[in-house]
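See structure below.
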Amino acid sequence: MTTFDRLTARVRALPPLAADLLAVAVVGLFTVSDLAVNDPGYRQADALSWALLLVTACTTALALAAPLLLRRRDA
């Protein structure tokens, strides 16, 4: 068994919510890192980019929290 096979097995063993949170964290890390680095004189990460990131983060948080809130209410 290779290292990649062991890593794949560990990721598949994660609960669905943990896997979703891990994916969101990785994508968010790369997105914020990309927005934070600017070349002088260019508008690569202007206010609109940061606003879109904020909207995306809020909607993602709501989408991840909704199943938890609905599950607690039904129980």
Listed once per pair and sorted, the side-chain hydrogen bond (donor to acceptor under 3.5 Å, both in side chains) pairs that draw on residues 46-61, sequence neighbours left out:
R43-D46, D46-S49
Kindly work out whether a path of hydrophobic side-chain contacts (I/L/V/M/F/W/Y, heavy atoms less than 4.5 Å apart) joins V55 to L35.
no
Can you sort out the partners of D34 under salt bridge (charged side-chain N to carboxylate O under 4.0 Å, His left out), two or more places apart, ordered by chain and number?
none
CZ/R12: more than 12 non-hydrogen atoms of other groups inside 6.0 Å:
no
Once rounded to the nearest 0.5 Å, what's the spacing between atom CZ of R10 and atom CG of L7?
7.5 Å
